[in-house]
Amino acid sequence: MSPNLPKIDGVLKSTIKQVPVTCLKFIGKYVIAAIGGDLHVFKPLSRVYQQFERIYKLELFSSQYIYGIIPNNFKIIVFGGRRVAFIETKQKFSCISVKTSWIVEDWILDSVWISDFEVAILTAHNVLLLYQCFPSIEVVSRINCIDQCILYSGKILNSKWEELIVLSGTVYQEVIIWSSGRSVSDEYPVIHRLKGHKGVIFSISYDEETQRICSTSDDRTIRVWTVKFPGSSSFIENWINAEITLSFSAFGHLARVWRSVFIPEGQLVSVGEDSQICLWNRSGELLSRWEHNGEIWCLDYSNFQVAVGGNGIIVRPIQPLPDLASIKLSEDFGLMRNIVINKNGDRIIITERGCLILYNNDILDYIEDKQFCSYCVLSISPSREYVVLGGIHGDIKLFKVLDSKLTELCKTSITGRVFSLSWSDSSTIVSNGLDGSLSVWELVETGDNINLEQKNSYVLPYSKERWITCAASLEDYLVCGDRMGSIHLFSSLTTIKDPVDSLRRLHDVKGVSDIKHINGITYSTGRDGTLREFTIKDDKLVLVSTLKLPMDWSTSVVHSDSYGLIIMGFHGSNFVLWNVEERITLLQLDCGGGHRSFDCIVDGNLGNLVISFIRMKEMKYICCPVEAVSHQTVLAGYHKKAINCCCLLSLKEDGMASILTGSEDNSIRLSLIDQLDWKCSSSYLRHISSVRAAVLVDDVLVTAGGRAQMILWHVQNYSGETRLQEIDSHMIREESEHRRSWRTAEPLVDPEMRYMDLKIVKQSDGIYSIFSSCSDGMLRIFSYDKEDKKLCLINSLESNQGCLLKISTFQWQDELVVVTAGTSGSVSFWYVPYNKIPQRSHSLHSLGINSMDLTLNKKHLILCTGGDDTALVLTAFSLEKKGKESITFSLREHVHYCQITGLKITQDYIVSIGLDQKLCLINWSFDGNFFKTSILTIFNSTVLDIHGLLTWPIINSDQMKILVFGRGFEVLHFDRSKIFSSK
């Protein structure tokens with residue numbers, strides 16, 4: 001069976017691509033982006049938040065990424081690899097048509113328009129080609145630089161063929177400059193060499209206004225040179241006689257720097273492998289830094305905003321934050337202790353001498369109260385209208401700002417010291433007194449007066465630090481978080497003062513920072529740097545999910561109209577604003593750390609971001625437009641790194657599929673995939689290393705991966721949306737350490753053991769067996785009981801197959817048989833009872849087996865395997881006697897040129913995928929003695945570094961979906977009816 005046999009066209013069609021964005025361009029208000037080999041046009045919808053919609057898609061290059069978009073009015077040259085396309089557009093991109101396309105002799109680095117139908121192309125061996133691209137393709141001229149080294153980057157200046165200047169970035173750590181207008185004996189020499197980088201040159205940009213060159217490199221630096229021209233009338237002579245000096249070399253990225261672009265006022269924006277967007281001034285000082293959610297491959301600038309592409313596309317305004325304002329009050333007021341901000345942006349400060357101060361550019365009003373000297377608790381309502389004070393003798397006072405004056409509305413008191421005051425909603429205050437006593441106060445309006453009336457009282461469980469730090473009211477419940485990291489549930493429907501349920505030390509002993517009920521979901525966050533989601537069911541707190549945040553200490557959960565769900569917190573000495581939905585840092589501000597009094601408003605009355613804190617006896621303040629830290633998502637991103645595994649969760653009759661993906665970035669994502677689009681519904685970050693395997697049976701989901709970690713989930717449906725609830729987790733190292741004392745403990749054979757593959761089998765009602773193949777060559781068997789909700793390791797079996805890469809199971813004569821495949825190239829069969837070694841092993845490949853699938857055919861087991869040796873092997877095993885399976889017939893085919901990473905076998909077809917990006921659809925049959933196979937079609941996928949595939953049928957049709965995953969994913973539509981019609 002040869003991969004070059006005739007194929008059936010139209011059987012496989014790509015419907016969805018989520019692969020890296022490798023090139024983008026601003027053309028007017030439109031964003032033109034290259035996603036794989038396709039060209040996408042996005043148009044802004046709203047001027048307020050600049051939401052974008054895709055208005056056009058053009059499929060250009062099959063299995064080849066686009067790396068250049070060169071516009072010229074309504075004509076565009078697009079190139080990638082060795083391919084070039086000449087396309088024409090209509091006004092407002094209502095239509096895009098391909099006029100012609102061709103293949104160049106070498107890899108293309110840059111191109112410029114010479115005339116309406118002529119383009120100059122720079123190739124990777126420092127060669128300039130002049131092409132006539134319409135009506136016929138023709139090489140008009142060819143120029144070779146005398147230095148024909150391999151280039152990693154290049155930039156062509158000017159638009160006249162006889163006066164082109166070429167800036168070439170070489171593998172020899174230098175930028176060489178040469179011209180098409182200067183030749184010596186028909187050779188084109190180098191006129192300048194710019195040295196200094198310690199790595200290859202990844203990009204070169206030139207700013208005609210400031211006459212500066214910027215190069216980015218493998219050495220993590222950007223270098224900017226100033227070009228001083230002698231003032232000659234000739235463009236070529238100016239460059240030949242120019243004096244080029246190094247302006248600065250800047251180090252700000254933590255990894256390789258991919259691209260840079262000049263912006264007005266001589267500033268510069270650079271992006272790199274560290275997913276950072278850096279803004280530099282013309283002296284080389286780093287002004288601002290922003291983080292992108294995932295890898296960055298390209299960028300462009302227009303109208304004070306930069307678009308970056310890689311893992312999705314975002315458009316971000318480029319402007320540094322205004323300087324922090326510092327205010328120092330008179331010593332007569334005493335030291336500032338706490339600060340809050342009201343809805344108008346006024347700062348309200350309490351000092352050690354009991355002075356309550358209203359400040360906005362100046363002191364507007366102040367009240368001195370000796371009851372709040374030395375000790376005072378200050379808290380502001382969620383609506384930012386009311387401020388409440390609590391004192392050491394139990395005094396509680398409520399204030400409001402009226403006409404720029406602090407007005408006392410009412411007062412009350414409790415017995416003993418006020419340990420904390422927390423607003424559970426905009427009209428309810430929970431005070432914490434002696435011995436954990438909680439008093440719930442409600443703001444009641446009586447005419448023009450507002451009073452505090454006690455509504456309920458409760459008692460906190462005993463703990464070392466017995467006071468609450470936050471509270472939230474949920475209908476008949478009150479949820480409180482305490483200083484010891486626990487969350488307590490109190491009910492107003494019972495006379496019991498104690499909590500009806502508690503989640504002990506949910507946020508570790510560092511404490512709970514905030515509890516919020518937003519859009520029907522209850523969130524909690526704390527000083528352990530986690531965001532937890534829970535619900536209340538039958539007077540019980542049920543933990544739904546946990547998200548580890550990219551910060552040391554999260555202080556509050558806020559819902560913003562502009563950003564959605566926002567987490568505020570501290571990482572090191574920086575204050576951080578983090579977007580939960582897009583997993584992106586909006587703001588980092590050096591404030592000295594989270595131990596100081598701090599307050600922040602997002603989306604204030606004036607549409608501003610307002611931050612104020614106390615540092616070194618001074619009040620720091622910053623106010624900036626929301627746009628200064630906002631960004632617009634043009635195209636949503638996905639995993640930051642490669643996808644390792646994929647699992648189908650549910651399938652609807654309308655064709656909508658819910659899938660789970662696990663990645664090298666340690667995260668799990670749930671997505672909805674329909675006929676032509678996809679949407680990420682939720683994300684979970686509970687694994688401490690990469691997620692390599694996922695398997696589902698009924699509503700029991702198991703994920704596993706690096707660091708010998710396995711997590712068991714319960715798949716639930718919340719308001720029509722699939723969600724995961726973590727039930728239990730298991731770590732091999734953790735179990736080993738707890739089982740033995742430190743005196744007798746021995747080092748683990750493989751302390752970094754990884755789970756490579758999983759299979760789960762339902763043994764009886766509520767009892768499941770989980771089989772795992774491991775990198776240390778062990779087959780580990782777990783048991784899970786739904787009633788106990790415990791994941792238990794019951795057996796560890798040695799395979800002698802090297803690293804176990806794949807595992808599968810099948811039922812034969814009412815017994816479960818396990819099949820494992822490893823790096824030795826063999827498959828092993830394990831029968832009940834599972835012994836310490838496999839009962840039978842068969843060598844099928846000369847190298848490791850990366851993919852495996854099986855099906856039962858009458859009295860035979862048909863096993864399909866693909867390995868590192870590029871072979872696809874079909875093996876028929878006879879199953880007449882238990883433990884005596886034998887090979888009836890084996891067929892070895894070479895349909896791929898690289899390792900085979902994914903396989904699926906059905907009753908009629910085999911779908912295979914490999915690192916060569918070729919997806920093969922093969923028809924097979926077995927008559928009991930021999931196999932017959934034929935290739936139906938071969939499809940070139942756009943996904944790089946392919947790790948596997950997932951298939952699922954379309955309900956009530958003769959069609960199927962195939963999802964290929966690796967560095968992104970691609971969904972293919974398999975129409976079986978076209979196979980029958982072609983026959």
Side-chain angles (χ1 to χ4, degrees), residues 12 14-24 33-40 59-69 78-83 107-109 124 152 202 218 255-256 258-259 271-275 292-298 308-313 635-646 659 661-665 667 669 671 673 678 690-692 850-851 866 868 870 895-903 911-920 938-950 962-972:
L12 292 173
S14 177
T15 57
I16 301 174
K17 291 180 184 177
Q18 180 61 31
V19 293
V21 179
T22 51
C23 183
L24 50 79
I35 305 174
D38 302 340
L39 207 62
H40 297 249
E59 296 182 3
L60 276 180
F61 303 147
S62 174
S63 69
Q64 172 60 58
Y65 282 70
I66 296 172
Y67 293 103
I69 301 172
V78 178
F79 64 83
R82 296 170 53 222
R83 299 186 181 185
W107 191 276
I108 305 167
L109 297 180
Y152 266 50
F202 286 127
D218 190 34
R256 295 178 288 184
W258 297 135
R259 296 286 183 270
V271 296
E273 193 178 25
D274 57 356
S275 301
H292 182 59
N293 180 26
E295 57 191 4
I296 301 177
W297 292 109
C298 53
V308 297
N311 178 30
I313 307 171
L635 179 69
Y638 204 53
H639 286 289
K640 295 181 180 180
K641 298 182 181 179
I643 301 171
N644 289 325
C645 60
C646 196
I659 66 165
T661 51
S663 169
E664 285 288 336
D665 63 6
S667 70
R669 294 204 174 203
S671 301
I673 294 180
W678 71 277
S690 61
V691 185
R692 304 194 65 91
N850 290 317
S851 52
D868 285 336
T870 74
V895 293
H896 291 275
Y897 302 109
C898 293
Q899 300 98 313
I900 300 174
T901 55
L903 279 175
V911 184
S912 67
I913 192 74
L915 290 181
D916 56 3
Q917 298 176 255
K918 294 185 181 296
L919 186 141
C920 299
I938 292 180
F939 181 88
N940 294 319
S941 175
T942 313
V943 180
L944 299 176
D945 191 19
I946 295 174
H947 285 208
L949 59 82
L950 174 71
I962 303 172
L963 186 145
V964 179
F965 56 88
R967 294 290 292 271
F969 67 85
E970 184 173 11
V971 180
L972 308 177

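Nothing fancy with the numbering, it's 1 onward along the sequence.
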Task: Heavy-atom side-chain contact between L919 and L12 under 4.5 Å - done: yes
TODO: Only counting residues at least two apart or in another chain, list the ones meeting ring pair (Phe, Tyr, Trp, His ring centres under 6.0 Å) with F79.
DONE: none
Task: Residues forming a side-chain hydrogen bond (donor to acceptor under 3.5 Å, both in side chains) with S667, sequence neighbours excluded - done: H639, D665
TODO: Output, in order, the C-alpha distance, side-chain angles, deciding distance and verdict of side-chain hydrogen bond (donor to acceptor under 3.5 Å, both in side chains) for S941 and Q917.
DONE: CA-CA 5 Å; S941 175; Q917 298 176 255; 5.6 Å; no
Task: For the student: nearest non-hydrogen atoms of V964 and V943, plus distance - done: O-CG2, 3.9 Å
Open item on the list: Run S663 and K640 through side-chain contact (heavy atoms from CB on, under 4.5 Å) and show every step you take.
Closed with: CA-CA 8 Å; S663 169; K640 295 181 180 180; over 6 Å; no
TODO: Could you pull out all residues at least two apart from Q18 that satisfy side-chain hydrogen bond (donor to acceptor under 3.5 Å, both in side chains)?
DONE: W678
- [ ] State the CD1-CD distance between I66 and Q64, to the nearest 0.5 angstrom.
- [x] 9.0 Å
TODO: Could you tell me which residues satisfy side chain to side chain contact (heavy atoms under 4.5 Å, CB included) with D868, sequence neighbours excluded, listed by chain and number?
DONE: L847, N850, Q899
TODO: Would you please name every residue forming a ring pair (Phe, Tyr, Trp, His ring centres under 6.0 Å) with W258, sequence neighbours left out?
DONE: F202, W297
Task: side-chain contact (heavy atoms from CB on, under 4.5 Å) assessment of T15 paired with L972 - done: CA-CA 6 Å; T15 57; L972 308 177; over 6 Å; no
Task: Shortest non-hydrogen contact from I946 toward G914 - done: CD1-O, 3.7 Å
Task: Partners passing salt bridge (charged side-chain N to carboxylate O under 4.0 Å, His left out) against K17 (at least two apart in sequence or in another chain) - done: D38
Open item on the list: With a sphere of 6.0 Å drawn around OH of Y152, does it hold more than 12 non-hydrogen atoms of other residues, nucleotides or ligands?
Closed with: no
Open item on the list: Quick check for you: to the nearest 0.5 Å, what is the distance between I296 atom CD1 and S275 atom OG?
Closed with: 5.5 Å
TODO: Report yes if the side chains of S851 and T901 come closer than 4.5 Å at any heavy-atom pair, otherwise no.
DONE: no
Open item on the list: Applying salt bridge (charged side-chain N to carboxylate O under 4.0 Å, His left out), can you list everything that pairs with R692, at least two apart in sequence or on another chain?
Closed with: E664
Task: Qualifying residues under ring pair (Phe, Tyr, Trp, His ring centres under 6.0 Å), relative to F939, sequence neighbours excluded - done: none
Task: With S690 via side-chain hydrogen bond (donor to acceptor under 3.5 Å, both in side chains) - residues at least two apart - done: none
Open item on the list: Would you compute the distance between atom CD1 of I913 and atom CD of E970 and round it to the nearest 0.5 angstrom?
Closed with: 8.5 Å
Task: Y65 side-chain N/O to T942 backbone N/O, donor-acceptor pair under 3.5 Å - done: yes
TODO: Name all residues meeting the side chain to side chain contact (heavy atoms under 4.5 Å, CB included) criterion together with C646; count only those two or more places apart in sequence or in a different chain, and write none if there are none.
DONE: I659, T661, L950, L963, F965
- [ ] Would you mind reporting whether L24 and I69 have side-chain heavy atoms less than 4.5 Å apart?
- [x] no
Open item on the list: Using 0.5 Å steps for rounding, measure from the CD1 atom of I643 to the CG atom of D945.
Closed with: 11.0 Å
Task: With sequence neighbours excluded, residues passing side-chain hydrogen bond (donor to acceptor under 3.5 Å, both in side chains) with H292 - done: none
Open item on the list: Are I900 and T870 packed together at the side-chain level, in the sense that at least one heavy-atom pair is separated by less than 4.5 angstrom?
Closed with: no
TODO: Just jot down the salt bridge (charged side-chain N to carboxylate O under 4.0 Å, His left out) partners of R967, sequence neighbours excluded, or say none.
DONE: E295
Open item on the list: Set out, in order, the CA-CA distance, both residues' side-chain angles and the distance that settles side-chain hydrogen bond (donor to acceptor under 3.5 Å, both in side chains) for S671 and Y638, then state yes or no.
Closed with: CA-CA 10 Å; S671 301; Y638 204 53; 2.9 Å; yes
Open item on the list: Quick check: do I35 and L635 have side-chain heavy atoms less than 4.5 Å from each other?
Closed with: yes
Open item on the list: If you apply the rule side-chain contact (heavy atoms from CB on, under 4.5 Å), what do you find for C645 with V691, and how did you get there?
Closed with: CA-CA 7 Å; C645 60; V691 185; 4.1 Å; yes
- [ ] Can you measure from OG (S912) to NZ (K918) and round to the nearest 0.5 angstrom?
- [x] 11.5 Å
- [ ] In sequence, state the C-alpha distance, the side-chain angles, and the governing distance for C298 and V21, and then conclude on side-chain contact (heavy atoms from CB on, under 4.5 Å).
- [x] CA-CA 7 Å; C298 53; V21 179; 4.1 Å; yes
- [ ] Calculate, to the nearest 0.5 Å, the distance between atoms CG and CG belonging to N940 and D916 respectively.
- [x] 8.5 Å
